[in-house]
Amino acid sequence: MASPLTQDFCRLVHSSDELPESVITSEPILQAVSVKKINAPGASGLDRYRVILSDGTHFLQGMLATQLNPMVDSKELDKNTVIKLKTFVTNVVQGRKLIIILTLEVVPWSGEKIGNPTNVEQAAPLAAPQSVLKPSTTANVNASKPVAKQPQKTAAAPMGPLYPIEGLSPYQNKWTIKARVTQKSDLKHWSNQRGEGKLFSVTFMDDTGEIRATGFNETVDQFYDLLQEGKVYFVSRARINIAKKQFNNVNNEYEITFENSTEIQPCDDESVPQIKYNFKSVGDLGDLQKDELCDVIGVVKEVGELGSVTSKATNKPFAKRDIQLVDQSGQSVRLTLWGKQAETFQADDEPVIAFKGVKVGDFGGRSLSMFSSATMALNPDIPEAHSLRGWYDAEGRSKHFQAYTSATVSNSDGQITKPSEIKTIGQAKDEQLGMSDKTDYFTTQATVSFIKSETFSYPACANPDGCNKKVTDEGSGWRCEKCDKTWPSPIHRYILSMNVMDYAGSFWITAFNEVAEQIMGISANELMEMRDNGNDVEFQRSFQKASGRTYNFQMMAKQDSFNDQPRVRYQCRRAALPDYPADSAHLVSLINSISV
DNA sequence: CCCCCCCC
């Protein structure tokens with residue numbers, strides 16, 4: 001059988017300083033005669049595979065970009081697999097030339113080894129490398145010092161070969177990327193123990209990936225005005241470092257730092273792609289940990305008032321504005337804008353906005369916050385936005401959206417629980433919620449049948465900072481151990497014990513101060529005063545008035561022991577008046593789930 | 001070399 005391999009490719013690579021663009025894009029076909037895992041994992045912690053690549057006559061070393069790992073894991077790429085190199089770069093590591101394969105295609109092959117290749121390092125160099133693969137019409141006598149294809153006549157020539165962003169690494173120095181600025185930060189000044197200075201950063205993107213780049217001090221003067229969001233540039237001769245992933249969500253294990261020698265040239269090639277998103281559905285934010293960064297697209301359902309907060313850390317005031325985002329998940333989430341963005345934000349027509357790199361918070365279950373490296377695109381021309389717009393205008397607008405609640409906050413193990421499910425009291429008991437080691441959260445619609453009036457509160461510390469600890473009556477005053485203070489009188493706080501029922505059963509639940517106050521309609525202090533004043537009729541009526549009402553209770557079921565017997569305590573964390581349209585929608589979905 | 005991203 002004729003060899004499918006690209007003849008003399010290994011010698012061409014080995015004898016060229018830098019490969020011509022025509023070779024880089026020629027999609028050579030080689031056989032991977034060996035595929036081995038490298039012992040030292042890469043900076044990303046991912047496995048790295050080394051391949052020995054043969055053209056049938058010689059072999060040389062190659063590395064696989066980590067995104068190709070699944071092909072090795074699945075054995076799609078294995079010993080003696082024939083592959084077509086779709087994108088690759090060459091690199092010299094420890095004096096040895098190797099190929100880094102970024103994307104490849106498997107070429108069908110019997111699995112036999114082709115020929116008896118020898119190490120290209122021992123082979124005689126190729127006399128005229130450029131003639132082998134380069135079409136003769138564009139043959140370039142300076143092929144050993146090639147330049148990439150000129151993209152546009154208005155564009156300046158880049159330095160060195162064009163690299164895909166994906167192919168950049170700290171071990172290369174002669175590279176040029178052609179990339180779009182998808183995000184540009186404001187100019188920032190800093191001052192700390194180690195000194196002071198100014199900086200800005202941008203995110204570059206091409207069709208292989210994205211990378212963050214930062215300029216400090218003099219390079220700010222050189223490049224801050226030149227680099228504009230949305231425009232395309234050639235960038236070369238900058239330093240590449242390991243990225244500190246905790247500070248941005250740009251998907252690259254490396255980042256660029258501009259240096260004085262860095263060259264940046266504008267380019268008006270429109271083929272470079274626009275911003276890339278990896279959207280997380282609003283309903284799936286529970287999958288993410290607090291402080292993770294994510295991309296979200298949603299309809300702006302509500303725009304809050306402009307407000308201001310004072311930072312606890314710096315004592316500086318910040319403008320803030322909350323908006324509510326909804327999507328097809330039926331869930332809504334709050335997103336907070338800060339500073340200038342909060343002040344200038346306007347969206348009264350329920351637009352679609354795509355957010356990139358917003359930070360996940362756990363306030364009220366799940367919330368989002370703009371991060372300095374986050375971007376916001378109003379009605380972007382992307383499929384997800386069009387589909388969201390169509391859905392919202394057709395049906396979403398009239399839908400009820402489930403807001404995140406604190407019932408989705410991380411539990412005592414620090415694990416995130418999903419938005420609480422709706423259960424009947426019978427289901428909560430049948431499913432033994434709260435009987436395991438972990439805390440269970442659920443929502444139940446039930447009616448208050450009875451509220452205990454004998455004990456309904458405890459005397460709490462009157463410290464205005466909200467200590468709320470129990471205080472003891474010492475005759476001369478009420479003493480708080482924690483605050484080491486004695487108060488003339490305590491503040492009574494509810495521990496309200498209620499029996500609630502639905503058609504499937506009843507149970508006793510406890511509501512603490514805020515929820516209990518909402519249910520009773522008056523404070524525990526006021527109630528205590530009635531009792532102390534002997535106002536029994538009014539006192540008893542308060543309990544009767546609060547009974548017979550129906551709520552959607554957000555419940556927490558947790559095990560504890562009483563007289564050495566394990567039992568479940570049901571705590572009510574929130575009580576909301578029933579939302580009948582939403583409840584009906586829930587019933588409809590239950591009915592739909594059982595119909596054929 | 002920043003890396004704070006705030007509040008309730």
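Keep in mind the model is a prediction, meaning the values are calculated, not measured. Reckoned from all heavy atoms, side chains included, excluding hydrogens, waters and symmetry mates.
- Counting any heavy atom pair closer than 4.0 Å across all strands shown, A:Lys359 reaches sugar-phosphate atoms only and no base atom.
- Atoms CZ (A:Arg321) and P (B:dC8) sit 19 Å apart, rounded to a whole Å.
- A salt bridge links A:Asp287 with A:Lys280: the closest approach of a Lys/Arg side-chain nitrogen to an acidic carboxylate oxygen falls below 4.0 angstrom.
- For A:Lys320 and B:dC7, a side-chain-to-base donor-acceptor distance below 3.5 Å is present, hydrogens and geometry of angles not being considered.
- Each of B:dC6, B:dC2, B:dC1 was ranked by its minimum atom distance to the side chain of A:Leu199; first place goes to B:dC2.
- Taking atom CG of A:Asn192 as the reference point, atom C1' of B:dC3 lies 10 Å away to the nearest angstrom.
- No side-chain donor-acceptor contact under 3.5 Å links A:Gln341 and A:Arg321.
- Within residues 298-311 of chain A, the residues having any heavy atom under 4.0 Å from DNA chain B are, by residue number, A:Val309, A:Thr310, A:Ser311.
- Where stacking is scored as ring centres under 5.5 Å apart with planes under 30°, A:Phe318 does not register as stacked on the base of B:dC5.
- Side-chain contact check for A:Glu350 and A:Tyr392: at least one donor-acceptor pair (N or O, by modelled atom type) lies under 3.5 Å.
- Minimum heavy-atom separation, A:Pro578 to A:Tyr551: CD-CA, 4.2 Å.
- Here A:Phe216 packs flat against the base of B:dC1; its ring centre is closer than 5.5 angstrom to the base's six-membered ring, tilted by less than 30 degrees.
- Atom C1' of nucleotide B:dC1 and atom CH2 of A:Trp190 are separated by 5 Å, given to the nearest angstrom.
- For the pair A:Gln324 CD and B:dC8 P, the interatomic distance rounds to 18 Å; values are reported in whole Å.
- Taking only side-chain atoms of A:Arg239, from C-beta outward, the nucleotide of B:dC3, B:dC1, B:dC6 with the closest atom is B:dC1.
- As rounded to whole Å, 16 Å separates atom P of B:dC5 from atom CG of A:Leu368.
- A:Phe543 approaches A:Lys452 most closely through the heavy-atom pair CE2-O, 3.4 Å.
- For A:Lys244, the side-chain atoms get nearest to B:dC1 when compared with the rest of B:dC1, B:dC7, B:dC6.
- By the 5.5 Å and 30° criteria, A:Phe363 is stacked with the base of B:dC8.
- Below 30°, between 30° and 60°, or above 60°: for A:Phe216 and A:Trp190 the angle between ring planes is above 60°, a perpendicular geometry.
- A:Phe507 and A:Tyr570 have tilted rings, their planes meeting at an angle from 30° to 60° on a 0 to 90° scale.
- Between the side chains of A:Asn525 and A:Ser523, no donor-acceptor pair is found at a separation under 3.5 Å.
- Between the CG atom of A:Asp362 and the P atom of B:dC8 there is a distance of 14 Å, rounded to whole Å.
- Following rounding to the nearest Å, A:Leu337 (CG) and B:dC6 (P) show an atom-to-atom distance of 13 Å.
- Among the nucleotides B:dC3, B:dC1, B:dC8, the one closest to any side-chain atom of A:Glu255 is B:dC3.
- At a threshold of 4.0 angstrom between heavy atoms, the contacts of A:Arg334 include nucleobase atoms, whether or not backbone atoms are also involved.
- Remark: A:Lys188 is not in phosphate contact with B:dC5, judged by side-chain N or O atoms under 4.0 Å from OP1 or OP2.
- B:dC3 atom C1' lies 17 Å from atom CZ of A:Phe200, rounded to whole Å.
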